[in-house]
Amino acid sequence: MNDGLDPFDSASLIVAHDEGNAFDAVVPPIVQTSLFTFKDYDEMVACYRGERVRPIYTRGLNPTVRMFEEMLAKLEGAEDAIGFASGMSAISSTVLSFAEPGDRIVAVQHVYPDAFRLFGTHLKRMRIEVTYVDGRDEEAVRRALPGARLFYMESPTSWVMHTHDVAALAALARAQGIVTVIDNSWASPVFQQPVALGVDLVIHSASKYLSGHSDVVAGVVAGSAELIGRIRSEAYPYLGGKLSPFDAWLLIRGLRTLPIRMKAHERSALAIARRLAEHPAVETVSHPGLGNHLPPGLSGTSGLFSFIFREGFNVRRFADHLQLFKLGVSWGGHESLIVPGEVVLAQKAQPNSAVAFGISPRSVRLHVGLEGTEALWSDLEAAIAAAS
Ligand SMILES: Cc1ncc(COP(=O)(O)O)c(C=O)c1O
């Protein structure tokens, strides 16, 4: 989005208008079909030979899904994008398009727990090794990279919200011909555009801010036409994690309000994070916007952060006293949510990244939704008082 406009204006313009919708409808119709027919033999054989590109079967190409992919590519400043049935499907298909048995992947610590599980189970069985580094330590990243096939980033990371100098790390990997991947779900393209920072592939759990209404599970990857083409031809058709036309349609709707929602999440979450940081019951708050300036490449902050209560605090009583904040996984929707660290540490599914990387049992992850900030703060204050 190098158009001289404020990033919010640019993003709003990209998602507000579609040209050429059927019937001049302002909202595009859903092309809810599994297959597409051909008018004659010649047309069918031309499509099969690859001489003509048009939808044949929705697992391969669907106009509603394509519309979402094109919108997202524009928002990320990428040449192309490809939608998936979930963020995990986007992550697994991307990694499996590039890594082969015997390869090594370098990943930053505190990646999303199911990505960590994928790396520690399926990739391990395929003899793909994953080395974890602290992405805040550029020297450690530089030392870990030689010989790696992929560099997998998340900034801010899950749970502890570590931020990295994405451009600097991407440059280190690029200098060695290593493909770089980032999970950009937290910042969304409104606050961070990793392609402009030199990252090759940008992944989203579209279940989060892109959808924004907690009614979709989906994923997407954006990048160069060449790399997205590779994912589209190598992993996507056969792993089969396609995005459904209806979910793509809901995502198009979600994108319309993405810039304005991100601004609202940012304002409210920052206000709450600042008050928590001053509360006597709270030891520390991990929110990338609390320092004097934002990390390089990040132009704003979203609604997800975590904090740690002081020793002796009763997290269970706090959680059960909340009225507006609900106990629930995921984030990025209109509603405010909490996840206690104790619960994550007790998770049955293995390997457990919270144990491996070490998160505090006194920590709590908050997602600040779109409800009124004062009402949310009163809810937190009352629950803290009840548990102190
Ligand atoms: C940072 C991050 N990346 C990826 C995912 C996985 O996305 P999905 O649940 O859409 O598969 C999540 C889900 O919580 C996430 O938090």
Side-chain angles (χ1 to χ4, degrees), residues 65 68 72 76 81-96 107-122 132 135 152-164 166 181-189 191-192 194 199 201-222 235-236 239-244 247-248 250-251 254 262 265 269 286 288 298 301-306 326-333 335 337-339 341 343-344 347 349 352-354 357 359 363 365-369:
V65 173
F68 163 68
L72 194 275
E76 283 290 1
I82 177 168
F84 285 94
S86 66
M88 273 315 297
S89 175
I91 292 170
S92 54
S93 294
T94 300
V95 168
L96 292 173
V108 296
Q109 292 170 350
H110 294 283
V111 291
Y112 170 61
D114 277 344
F116 181 79
R117 253 171 231 128
L118 168 76
F119 297 168
T121 54
H122 290 278
Y132 291 94
Y152 188 94
M153 294 180 262
E154 213 180 290
S155 181
T157 61
S158 288
W159 204 272
V160 291
M161 311 293 149
H162 288 167
T163 53
H164 308 135
V166 174
V181 179
I182 192 166
D183 183 329
N184 199 32
S185 311
W186 186 94
S188 91
F191 289 139
Q192 185 165 256
V199 177
L201 290 164
V202 182
I203 295 180
H204 286 274
S205 166
S207 328
K208 312 298 188 252
Y209 289 120
L210 301 187
S211 107
H213 293 75
S214 303
D215 49 13
V216 174
V217 171
V220 64
V221 187
Y236 171 82
L239 296 180
K242 71 146 192 69
L243 176 59
S244 81
D247 282 344
L250 285 171
L251 287 170
M262 294 310 291
H265 286 295
S286 299
L298 191 66
T301 56
S302 69
L304 189 75
F305 66 96
S306 66
K326 302 293 178 199
L327 281 156
V329 295
S330 199
W331 44 275
E335 74 287 13
L337 297 166
I338 70 151
V339 179
V343 173
V344 177
Q347 188 169 8
N352 186 332
S353 59
F357 295 131
I359 68 160
S363 63
R365 191 187 75 180
L366 279 193
H367 179 251
V368 177

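Both counts, for ligands and for their atoms, begin at 1 and track the order of listing. As the structure is a computational prediction, the values presented were derived from the model and not from experiment.
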Engineer: Give the residue and atom name of whichever protein heavy atom lies nearest to atom 15 (C) of ligand 1, and the separation in Å to one decimal.
Structural biologist: Tyr112 CD1, 3.3 Å
Engineer: Would you check whether Ser205 has a nitrogen or oxygen atom less than 3.5 angstrom from a nitrogen or oxygen atom of ligand 1?
Structural biologist: yes
Engineer: Whether the Gln347 and Asn352 side chains hold a donor-acceptor pair (N or O, under 3.5 Å, no angle test) is what I'd like checked.
Structural biologist: no
Engineer: Checking a contact table here: which protein heavy atom is nearest atom 13 (C) of ligand 1, and how many Å away?
Structural biologist: Lys208 NZ, 2.8 Å
Engineer: Could an N or O of ligand 1 be found under 3.5 Å from any N or O of Ser207, whether backbone or side chain?
Structural biologist: yes
Engineer: Using atom types as modelled and distance alone, determine if a side-chain donor or acceptor of Ser86 lies under 3.5 Å from a backbone N or O of Val217.
Structural biologist: no
Engineer: Would you mind checking which non-hydrogen protein atom is closest to atom 11 (O) of ligand 1, with the distance to 0.1 Å?
Structural biologist: Met88 N, 2.8 Å
Engineer: Just verifying a value: how many Å separate Ser244 OG and Leu251 CG, rounded to the nearest 0.5 Å?
Structural biologist: 8.5 Å
Engineer: So which of Asn184, Asp183, Thr157 gets nearest to atom 4 (C) of ligand 1, if we judge by its closest heavy atom?
Structural biologist: Asp183
Engineer: Look at the rings of His110 and Phe357 and say which category their plane angle falls in: under 30° parallel, 30 to 60° tilted, over 60° perpendicular.
Structural biologist: tilted
Engineer: I want to know if ligand 1 touches Ala206 in the polar sense, i.e. an N/O pair below 3.5 angstrom.
Structural biologist: no
Engineer: Any side-chain to backbone donor/acceptor pair from His204 onto Gly87? Under 3.5 Å, distance only.
Structural biologist: no
Engineer: Select one of side chain, backbone, both or neither to describe which atoms of Ala218 lie under 4.0 Å from any atom of ligand 1, heavy atoms only.
Structural biologist: backbone
Engineer: Does an N or O anywhere in Gly87 fall below 3.5 Å from an N or O of ligand 1?
Structural biologist: yes
Engineer: Between ligand 1 and Trp186, can you find any atom pair, the residue atom being a heavy atom, that is separated by under 4.0 Å?
Structural biologist: no
Engineer: Please say whether Glu154 places an N or O atom under 3.5 Å from an N or O atom belonging to ligand 1.
Structural biologist: no
